[in-house]
Amino acid sequence: MIEKMKKLTFLVYHREYDEFLHRLQELGVMHVEGGALEEGQSDTVSADMAELRRVDNLLQQLQNLPAAKESTPATPAFPSAAAATPASSFAAPATPASPSAAAATPASFPAAVATPASPTAGECLVPGDCVAKGESLLALLADLSAREKELTEQVEALTPWGEFDPAYVREQMSAAGCEMHFFKAATKVFNKEIAPNFPVEAVSEKKGTTFFVAIMRRAETSTVPEGSPEGRLSQLATEATPPAAQLSTLRIEQEQTRVQYAETLSQLRTFSDTQTAALQDLRSSLASRLDFDTVRATTETAAEDSLMVLRGWIPAKREAEVQNAFADSGAWFEVSNPQPGDDIPVCLRNNRFFKLFEMFTELYMLPKYNELDLTPYLAPFYILFFGLCLGDSGYGLFITLGVLAVKFFKKDLSQSMKAAMNLLLILGISAFFCGLLSGAFFGFNLYTLGVPFLDNLGNAVSLDNSQMFNLSLILGFIQIIFGMCLKAYNRTIQLGFAYSLSTIGWMMVIISLAVTLLMPAYSATAKWFTYAGLALAFLMNSPERYQKNPATGLLINVGSGLWDAYNTATGMLGDMLSYVRLFALGLSGGILATVFDSLATGLAPDHVVLGPIVMILIFVFGHALNMFMNVLGAFVHPMRLTFVEFFKNAGYEGGGSAYRPFGK
C-alpha cells in the first residue's frame with residue numbers, strides 16, 4: 001500500500017526561519033519540496049558536502065584496512081662477501097666514514113618515517129581532530145607502503161651483485177684510471193662467447209642469466225668504437241645500471257620501513273576500534289547540517305525576501321502532530337489535499353511480511369502516488385517461483401537450517417540483516433516444499449528409497465517432468481491473468497471504470513479461448529464470452545475519444561483494437577514461454593546434483609580411508625558449487641519474470657519519488 005499524503009505550506013518571517021527549520025528538523029516528518037541547488041549557489045552547502053565526503057572516505061578506508069604484513073628476514077639469499085667476486089674485493093674498509101647499519105637513514109627516506117612524532121590513535125576531543133588524525137595516519141601508511149615497494153624493487157635489483165660499497169669502488173677505480181661496468185647475459189652466451197674472450201668475472205647466476213663485471217679503461221669519448229672490446233661486449237650482453245647504494249643499507253631501511261608500517265597499521269586499527277562510533281556520529285551530524293543548509297539555500301522568498309515560503313508533504317496520519325507542534329509558533333501554515341499534477345512523494349506501507357519484498361519494488365522503480373503498489377501481489381509468486389527454480393528439498397533444508405543457526409547464534413544482527421535472513425528463511429522453506437514435487441534431495445530421489453512414508457508422500461504430490469512443464473505454463477498463465485486484473489483495478493482507481501473495460505475484454509477473450517481449447521464441452525458458451533470480450537477490447541480501448549466525435553472515435557478505437565490484438569497475441573505467447581524457465585532451472589539443477597553424486601561415488605578410490613574422504617570432498621564441493629549457481633538463478637529469474645512479464649501485464653508504470661523526511 002501507499003501512504004496517503006497531505007500538502008503542507010509554511011510562511012515564516014525571515015528572522016525566525018533558522019529557529020523554525022531547527023524545530024521542523026527535530027520533528028522529522030516533512031518531505032521538503034525544493035528546487036535543485038545549482039553548483040556554487042551556496043558556499044555553505046558546498047563546504048558541508050566536502051566535509052561529508054571527507055568523513056565518508058575516511059570511514060570507507062578504515063573499513064578496508066589492509067591485512068598486517070609479516071616481517072621478512074633482512075638478509076635474503078644473495079652472493080656473500082666470502083665468494084670470490086670482484087665486487088667483494090672492493091668492499092670499503094671499516095672506517096667511521098662508512099655507513100653505519102644502526103643509524104642508516106638515507107635522505108630518500110620519507111620524513112614521516114624518520115620523524116618520531118608521528119600521529120597516534122589517541123582520544124579526539126574535537127570531532128574534526130578525529131578526521132585529521134585518521135587522514136594523517138592513512139597518509140603515513142600510504143607513504144610507508146609506497147616506500148617499502150620502492151625499496152623492495154631496489155633490493156631485488158641489487159641482490160645479484162652482492163654486498164659492496166659502490167662509492168668506495170668508484171673511488172678506487174677512478175684513482176686507477178678505470179671504470180667497472182656491470183653486465184648481464186644469458187648463461188649459455190656467457191660461458192661460450194664472453195668468458196673465454198673477455199676479461200670479465202661472474203658475480204652470480206639466476207634463472208639462466210649470468211651477472212658479471214668488466215673493468216675497462218676510462219673512455220675519453222662517449223662513443224664506443226664498434227671494433228673495440230667494449231663495443232663487441234655490448235653486442236653480446238646487456239649493460240646494467242650501476243648500483244647506487246649499498247645493499248645492506250637498503251635492507252636496513254627496508255626493515256625499518258616494515259616496522260614503521262606495522263606500527264602505523266596497528267595505530268590505525270586502534271583508531272578504527274575507538275573512533276569509528278564518533279566518526280559515524282559526526283557523519284550523522286554533518287548529514288543533518290547538510291540537509292538544513294540545503295533547505296535553507298533552496299527556500300523560496302516573498303515580500304522582498306522578508307517571508308520564507310516552504311512547501312512539502314507529510315503523511316496524512318501525522319497531520320495532527322504537525323498542527324500541535326506549530327500551533328504556538330509565529331509561522332503560518334496550511335494543510336491541503338494533493339491536486340492533479342503534484343509531484344507527490346511515495347511512502348510504502350506494508351505489514352512485516354510484505355515489507356520484506358519492498359526491496360524488489362524499490363530495485364525496479366517506486367510506483368507513482370496514484371498507482372497501485374504491487375509489492376503484496378508479487379510476494380506469493382516470487383516465493384513459489386524461487387522454490388521451483390531451486391527445485392531441491394535438500395538445498396532448501398540446508399538454507400533453512402543455516403538461517404536458523406545464524407539467527408540463533410548471532411543475536412546482534414542489524415535490522416537490514418534480520419530482514420534479509422527472514423526473507424532467505426521464507427525462500428528456503430519454499431524450496432524445501434517445492435522440491436518434494438520432484439523428490440530431489442541433494443541429487444537423490446526420495447521416492448525411490450523404499451521408505452513407506454516417503455512412498456505415500458510421492459504418490460500424493462510427486463510430478464514427472466511433463467507435469468512440471470505444464471505446471472510452469474499454468475502458473476505463468478495465472479500470473480499474467482492476475483496481472484491483467486490488477487491493471488483493470490489500477491485503471492479504475494486512476495481514471496474510472498470505463499478505462500478498464502478494454503483490459504477486462506482481453507481477459508475475457510484469453511480465458512474463453514483457453515476454456516475452448518482445454519474443455520471443448522463448454523466451447524459453445526465460451527464463444528459468446530469471446531465475442532463480448534472482443535467488443536469491449538475494440539470499442540473501449542480509449543473511451544475519451546467518443547467525447548469529441550463519436551464516429552471518428554469509433555473508427556480510431558477499432559484501428560487501435562487491431563493493433564492491440566496483434567500485441568496481445570504475440571505478447572501472450574512470448575510471456576507464457578518465459579515461464580518455462582521455472583521448469584528448466586529446476587531440472588538442470590537436479591541433473592547437475594545427480595552428476596556430482598555419481599562423480600563422488602565413481603571417482604572415490606577403493607581404499608578404506610581415502611575412499612570416504614575423496615567421496616565426501618567431491619560431494620561437498622560439487623553440491624556447494626551447484627547450490628551457489630542454483631540459488632543465484634533462483635533469485636534472478638523470478639525477479640526477471642516479475643519485472644518483465646508481471647509488471648508489464650499489470651500496467652505498472654512506476655517513476656515515483658521516495659518520501660524522504662527532513663530530519664536528523
Can you name the nearest heavy-atom pair linking [X] to [Y], along with the distance?
X: F354; Y: A379; result: CD2-CB, 3.8 Å
X: F398; Y: M627; result: CD2-SD, 3.6 Å
X: V309; Y: L11; result: CG2-CD2, 3.4 Å
X: P376; Y: N350; result: CG-OD1, 3.5 Å
X: N541; Y: S560; result: OD1-CB, 3.6 Å
X: M421; Y: L413; result: CG-CD1, 4.2 Å

Exercise for the section: Determine whether more than 12 heavy atoms belonging to other residues, nucleotides or ligands lie under 6.0 Å from atom CZ of F442. Expected result: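 Enclosed: over 12 neighbouring heavy atoms sit under 6.0 Å from CZ of F442.
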Within the 4.5 Å heavy-atom criterion, are [X] and [Y] side-chain neighbours or not?
X: C389; Y: P638; answer: yes
X: L592; Y: L625; answer: no
X: L475; Y: L384; answer: yes
X: M5; Y: Y659; answer: yes
X: F662; Y: L21; answer: yes
X: F333; Y: L8; answer: yes
X: T516; Y: Y522; answer: no
X: V322; Y: V29; answer: yes

Under 3.5 Å, is there a donor-acceptor pair between the [X] and [Y] side chains?
X: D343; Y: Y369; answer: no
X: N337; Y: K6; answer: yes
X: T530; Y: S512; answer: yes
X: H31; Y: R660; answer: no
X: S578; Y: E645; answer: yes
X: Y17; Y: T299; answer: yes
X: D291; Y: Q25; answer: no
X: Q479; Y: Y579; answer: yes

Exercise for the section: List the steps and the verdict of salt bridge (Lys or Arg N to Asp or Glu O under 4.0 Å) for K317 and E3. Expected result: CA-CA 9 Å; K317 63 182 181 181; E3 190 78 53; 3.6 Å; yes
Starting at [atom1] of [X], measure out to [atom2] of [Y] and round the result to the nearest 0.5 Å.
X: L463; Y: F469; atom1: CG; atom2: CZ; answer: 14.0 Å
X: L378; Y: F360; atom1: CG; atom2: CZ; answer: 7.5 Å
X: M540; Y: I504; atom1: CE; atom2: CD1; answer: 10.0 Å
X: Q494; Y: N370; atom1: CD; atom2: CG; answer: 4.5 Å
X: L501; Y: R491; atom1: CG; atom2: CZ; answer: 10.0 Å
X: M507; Y: N649; atom1: CE; atom2: CG; answer: 11.0 Å

Problem - Test applied, ring-ring contact (aromatic ring centres under 6.0 Å, His included); reference residue, F647; option that passes from Y364, Y377, F381 - result: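 Among Y364, Y377, F381, the one meeting ring-ring contact (aromatic ring centres under 6.0 Å, His included) with F647 is Y364.
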I'd like to know if the side chain of [X] reaches the main chain of [Y], judged simply by a donor and an acceptor atom lying under 3.5 Å from each other, with no hydrogens or angles considered.
X: T492; Y: A488; result: yes
X: D373; Y: P367; result: no
X: N64; Y: Q60; result: yes
X: D342; Y: I344; result: no
X: T570; Y: Y566; result: yes
X: Y395; Y: N630; result: no

Exercise for the section: Decide if the gap between the ring center of F326 and the ring center of F20 is smaller than 6.0 angstrom. Expected result: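 They qualify: ring centres under 6.0 Å apart.
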Handout entry: Centroid separation F357 to F353 less than 6.0 Å
Key =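 Here the rings of F353 and F357 have centres that are less than 6.0 Å from each other.
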Exercise for the section: Return the set of residues passing salt bridge (charged side-chain N to carboxylate O under 4.0 Å, His left out) with D56 (not counting sequence neighbours), or none when no residue passes. Expected result: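 Counting only residues at least two positions away or on another chain, D56 forms a salt bridge (charged side-chain N to carboxylate O under 4.0 Å, His left out) with R283.
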Exercise for the section: Apply salt bridge (charged side-chain N to carboxylate O under 4.0 Å, His left out) to D564 and list each qualifying residue two or more places apart in sequence or on a separate chain. Expected result: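 For D564, no residue satisfies salt bridge (charged side-chain N to carboxylate O under 4.0 Å, His left out) once neighbours in sequence are set aside.
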Practice task
If the plane angle is over 60° it's perpendicular, under 30° parallel, otherwise tilted; pick one for F386 and F635.
Solution key: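 Perpendicular.
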Practice task
Would you sort out whether R23 and E26 count as a salt bridge (Lys or Arg N to Asp or Glu O under 4.0 Å), showing the intermediate values?
Solution key: CA-CA 5 Å; R23 193 170 181 179; E26 286 287 346; over 6 Å; no
Practice task
Determine, step by step, whether Y447 and N459 satisfy the side-chain hydrogen bond (donor to acceptor under 3.5 Å, both in side chains) criterion, reporting the C-alpha distance in whole Å, the side-chain angles of both residues, the deciding distance to 0.1 Å, and the verdict.
Solution key: CA-CA 9 Å; Y447 305 137; N459 293 331; over 6 Å; no
Practice task
Flag this pair as yes if the NZ/CZ of R311 is under 6.0 angstrom from the six-membered ring centre of F10 and inside a 45 degree cone about the axis; otherwise no.
Solution key: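 Relative to the ring axis of F10, which defines the angle, R311 lies outside at least one limit.
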